[in-house]
Amino acid sequence: MPSVFIKTYGCQMNERDSEAVAAQLVAKGYTLAKTEGIADVVLLNTCSVRDLAEQKAMNKMKNLAGTARKDNPNQILGYLGCMAQSRGKELIDKLPDVDLVLGTQKFHRAAEYLDELLSGKREKIVDVEAEAKSEATIREHLLNGSAKTSVSAFVSIMQGCNQYCTFCIVPYTRGEERSRTIDDIVAECRELVARGVREITLLGQIVTSFGKRDIPVIGRAGTDSNGGAHGVTRPTLQISPFVQLLDAVHAIDGLERIRFTSPHPKGYGDDLVEAYARLPKLCESAHIPLQSGSDRLLKLMHRGYTREKFLGIIQKLRAAKPGIGITTDIIVGFPGETEEDFELTLSLCREVQFDNAYIFKYSPRRDTPAADMPDQVPQEIREERNHRLLELVNGIAARKYDAFIGQQVQILVEGPSKKNKARYTGRTRCNRIVLFEGSTRHQGQLMDVNIERTGSFTLYGDPAILE
Ligand code: SAH
Ligand code: F3S
């Protein structure tokens with residue numbers, strides 16, 4: 001049977017899509033090649049969020065095509081995912097060695113199309129059509145693929161995004177918001193738990209909008225932060241479909257931890273804040289994309305919240321769950337960003353003290369409104385702001401990491417560290433990586449470790465209980 005090598009660019013959604021394609025191909029008898037050079041099929045699962053990500057995948061494909069022409073003329077080369085979706089046939093016109101271009105709603109057709117290409121039935125295939133119900137097709141898992149995936153799994157709950165932030169290409173590459181049903185998602189989670197998974201991350205481009213069009217909001221009497229009614233009368237909470245899903249997943253016996261990404265700040269209603277306090281399996285960690293600290297820019301970006309609203313959410317979350325790890329995404333150099341706007345972002349970061357922040361230099365994306373906005377910020381100013389903001393957020397992050405020294409934390413052990421096999425790696429509930437001297441018997445365990453020192457975005461620990 002043929003062998004396949006899949007290289008993934010971009011976000012966790014893409015990682016998950018690649019895993020599902022790999023699982024689909026393995027089920028059809030394919031083997032997973034260790035390197036691209038020996039594979040019969042090489043697939044690049046691409047990202048379009050920034051120009052750099054597209055350039056990387058295109059350069060990689062050029063190199064692959066060059067080697068294939070010399071050493072392995074029958075090798076099948078394909079693009080999957082976001083760039084395949086947004087560029088389509090143009091990718092083959094540019095580089096005729098490419099055989100397959102498969103869009104974001106077509107991952108489940110990979111095996112069928114590769115069969116046709118490998119058997120010579122078809123020479124080139126481009127499929128970037130929209131497909132109804134494709135959101136329910138990212139289901140299969142490769143749990144024996146790596147140690148990490150047997151303990152912790154990602155589950156795609158929805159596809160697409162209707163927010164149309166003016167800088168973002170995702171609504172065009174991933175399409176309209178489409179959600180799976182709660183029953184279908186819970187069934188997948190149950191299967192994973194039965195196979196040994198203990199932590200599940202619910203995935204989507206805007207998970208807090210889950211089920212908005214299909215599942216009604218339900219009213220429920222609020223509880224106090226200890227999870228009991230205790231005779232205190234609370235106003236009725238409107239439980240969004242997303243929180244209904246969290247409740248349903250939380251009820252699965254044997255599951256220890258729940259995470260989700262990416263939410264939108266506007267989705268942090270009182271029901272979600274309350275869920276953090278109420279659901280013990282919901283880890284105290286939140287990635288909440290900010291993008292800018294300036295209201296003027298937030299409006300131009302079409303983000304749908306203000307600086308004050310964002311700060312209010314952080315405050316409520318910290319009150320509901322002290323110690324919650326909060327990370328964010330920020331764009332510098334959005335069109336029209338002035339020094340004053342940028343300073344508002346700096347001051348918000350000082351105020352919030354994010355546990356970590358991912359900073360992106362604005363990259364104009366085709367067909368997005370921001371690409372045509374006036375006052376594009378010169379590259380050197382984008383660089384300079386990137387540098388200043390990184391210095392600030394990294395300083396804050398390092399201090400936050402140092403504050404863990406001497407503390408005991410619970411980790412879920414994922415497996416041996418990639419860099420040093422004698423070390424094992426796990427994550428705290430607030431999503432920090434911890435390295436410790438471990439062995440196979442620790443794998444998949446929830447254990448307490450004492451944090452002894454910190455490295456760059458890493459904690460070093462010692463198991464708290466000596467056996
Ligand atoms: N909600 C999505 C966002 C996808 S893009 C998710 O996380 O799945 C991830 C981040 O990339 C965004 O939060 C934003 O900070 C950044 N980004 C998106 N478009 C960008 C652009 N055109 N230029 C620079 N950064 C961008
Ligand atoms: Fe992109 Fe905004 Fe949706 S960043 S994924 S359009 S919430």
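Atoms within each ligand, like the ligands themselves, are counted from 1 in listed order. We use all heavy atoms of the structure for the numbers below, so side chains are in, but hydrogens, waters and symmetry mates are not.
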Self-check item: Residues Thr8 and Asn45: side-chain donor-acceptor under 3.5 angstrom
Solution: no

Practice problem: Decide if atom CD of Glu308 counts as having more than 12 heavy atoms of other residues, nucleotides or ligands within a radius under 6.0 Å. | Solution: no

Exercise. Decide whether a cation-pi geometry holds between Lys7 and Tyr9; the criteria are a distance under 6.0 Å from NZ or CZ to the six-membered ring centre and an angle within 45° of the ring axis.
Key: yes

Practice problem: Among Glu391, Glu380, Glu337, find the one that has a salt bridge (Lys or Arg N to Asp or Glu O under 4.0 Å) with Arg385. | Solution: Glu337

Quiz prompt | In the protein, N/O/S atoms that are found under 2.8 Å from atom 2 (Fe) of ligand 2, waters not counted | solution = Cys165 SG

Practice problem: Let me know which protein residues bring a heavy atom to under 4.0 Å of ligand 1; chain then number is fine for ordering. | Solution: Val49, Arg50, Phe167, Gln205, Ser262, Gln291, Asp329, Ile331, Phe360, Lys361, Tyr362, Ser363, Arg365

Quiz item: Can any side-chain N or O of Arg50 pair as donor or acceptor with the backbone N or O of Lys361 at less than 3.5 Å?
Solution: no

Quiz item: Going by atom types only, do Arg174 and Gln159 share a side-chain donor-acceptor pair under 3.5 Å?
Solution: yes

Quiz item: How are the rings of Phe260 and Tyr276 set to each other: parallel, tilted or perpendicular (split at 30° and 60°)?
Solution: tilted

Exercise. Calculate, to the nearest 0.5 Å, the distance between atoms CZ and SG belonging to Arg427 and Cys283 respectively.
Key: 11.0 Å

Exercise. Answer yes if the ring centres of Phe334 and Phe342 are under 6.0 angstrom apart, and no otherwise.
Key: no

